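Inspection log for the structure reproduced underneath, given as structure tokens.
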Amino acid sequence: MIKSMTGYGKTDVQHNNKKISVEIKTLNSKQIDISTRVPIIYKEKELSVRNLLSSSLTRGKIEFSVYIEKTGDCSHYSFNKELAKRYYDDLVDLSGEINQQNFSNYLPIIIKLPDVMRPENELLDEEEWNAVYEAVLNTIQLVDKFRMQEGESLAQDLKLRINNISGLLTKVEPYEKERIVLLRQRILKNLNELLEENKIDSNRFEQELLYYIEKLDITEEKVRLSKHCDYFLETMKEDLSMGKKLSFITQEIGREINTLGSKANNASIQKIVVQMKDELEKVKEQLFNIL
């Protein structure tokens, strides 16, 4: 099963006079990289949330955010004037930079910005946190579902590329006999240029020819390349997404293709090798996005 590292999920919950939104975005990354943005009231729970995200989403760049929107009576809330003034100064500067001259009614915007209106001595309500935690769990499930959907399209493309490499490998065989004949003719021609034909030891010539044929034989490379391609497709079917394992198999595929190209000694086979490399590069690009 293939999963993408790209995912998105959002859950809204209503609790008392608050609308609480939990949002998770994920992107590709070699390691897990978690950034969080949560209101101060939930800060004590941040570590447990990080551990949950790490164990559930495994890998990738993860952006976790919680937003609170007040929907009821705000009589017990204080107004942070100093923070509001800083927001105001920033908005004025931004208006000047984008040449928006007739936009001066900033107060409705500033009121909604983080921590401008804040509760006085608000303590974390466990019932409220339980509702938020359920929203976090639901959002993680949404992200996972998104990743699986994205992974399905990635899997189809990977299968296509690997099957293309296997298909190109079957096109090598018709040129193998041709390259041996050409090799024999070239060696014989070179020998004839150096020595008179009647002085050539035919037994020695055949021995030399066999030596070069064995040195340039690509049978093992073909067999290994075919097995690596089959193993790649088998690994894709495993229950867990195996992005790193697929990357290792891709390295082995690339090694066999390179050896095949260096030993080919045939223009037609070299062209096929170039096509294989092109398909393999497309596989590598896709693997950057796989969990």
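None of these values were measured; they are calculated from a predicted model. Count residues from 1 along the sequence.
- If you take NZ on Lys284 and CG on Leu246, they are separated by 13.5 Å, rounding to the nearest 0.5 Å.
- More than 12 heavy atoms of other residues, nucleotides or ligands shown are found within 6.0 angstrom of NZ on Lys45.
- Between Arg50 and Thr36 there is a side-chain heavy-atom pair separated by less than 4.5 Å.
- A chain of hydrophobic side-chain contacts below 4.5 Å, direct or via other Ile, Leu, Val, Met, Phe, Trp or Tyr residues, connects Ile140 to Trp129.
- In this structure, Ile34 is a member of the same hydrophobic cluster as Val136, with clusters built from ILVMFWY side-chain heavy atoms closer than 4.5 Å.
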task: Carefully, step by step, assess Tyr133 and Glu126 under the rule side-chain hydrogen bond (donor to acceptor under 3.5 Å, both in side chains).
output: CA-CA 10 Å; Tyr133 190 76; Glu126 282 301 322; over 6 Å; no
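- A pairwise comparison of heavy atoms in Ile32 and Leu53 identifies CD1-O, 4.3 Å as the closest pair.
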Give the C-alpha distance, both sets of side-chain angles, the deciding distance and a yes or no for side chain to side chain contact (heavy atoms under 4.5 Å, CB included) between Lys245 and Glu238.
CA-CA 11 Å; Lys245 186 175 180 180; Glu238 295 184 9; 3.2 Å; yes
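- Residues Lys18 and Gln14 share a closest heavy-atom pair of O-NE2, 3.2 Å.
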Going through the distances and angles, do Glu220 and Arg224 end up as a salt bridge (Lys or Arg N to Asp or Glu O under 4.0 Å)?
CA-CA 6 Å; Glu220 289 186 10; Arg224 285 196 295 265; 3.4 Å; yes
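- In this structure, Met276 and Leu225 approach most closely via the heavy-atom pair SD-CD2, 4.0 Å.
- Under a cut-off of 6.0 angstrom, the local environment of NZ in Lys227 is sparse, with at most 12 non-hydrogen atoms contributed by other residues, nucleotides or ligands.
- Leu280 and Gly254 get closest at one heavy-atom pair: CD2-CA, 3.3 Å.
- Donor-acceptor pairing under 3.5 Å is recorded for the side chains of Glu128 and Tyr42.
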Q) Under the side-chain hydrogen bond (donor to acceptor under 3.5 Å, both in side chains) criterion, do Tyr8 and Glu23 qualify, and how do the steps go? A) CA-CA 8 Å; Tyr8 178 79; Glu23 184 180 63; 2.6 Å; yes
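- Note: Glu173 CD to Lys222 NZ = 5.0 Å, rounded to the nearest 0.5 Å.
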| request: Check the pair Asn289, Ser4 against side-chain hydrogen bond (donor to acceptor under 3.5 Å, both in side chains), reporting the backbone distance first and the verdict last. | output: CA-CA 6 Å; Asn289 298 316; Ser4 170; over 6 Å; no
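- Hydrophobic clustering (side-chain heavy atoms under 4.5 Å, transitive across Ile, Leu, Val, Met, Phe, Trp, Tyr) groups Ile110 together with Leu83.
- Residues Ile257 and Val274 do not share a hydrophobic cluster, defined by chaining ILVMFWY side chains whose heavy atoms lie under 4.5 Å apart.
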task: Applying salt bridge (Lys or Arg N to Asp or Glu O under 4.0 Å), run through Glu150 and Arg147 and close with a yes or a no.
output: CA-CA 5 Å; Glu150 289 289 304; Arg147 283 178 158 188; over 6 Å; no
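- Atom CD1 in Ile165 sits 10.0 Å away from atom CG in Leu160 (nearest 0.5 Å).
- Every residue two or more places apart in sequence or in another chain was checked for a ring-ring contact (aromatic ring centres under 6.0 Å, His included) with Tyr175, and none qualifies.
- There is a path of hydrophobic side-chain contacts, each under 4.5 Å, that joins Val22 to Val49.
- Put simply, the side chain of Ser21 never gets that close to the backbone of Asp12: no donor and acceptor are under 3.5 Å apart.
- Residues Leu124 and Glu44 meet the side-chain proximity criterion, which asks for heavy atoms closer than 4.5 Å.
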* To do: Go through the steps to decide whether Tyr88 and Leu107 satisfy the test side chain to side chain contact (heavy atoms under 4.5 Å, CB included), and finish with yes or no.
  => CA-CA 8 Å; Tyr88 175 80; Leu107 189 58; over 6 Å; no
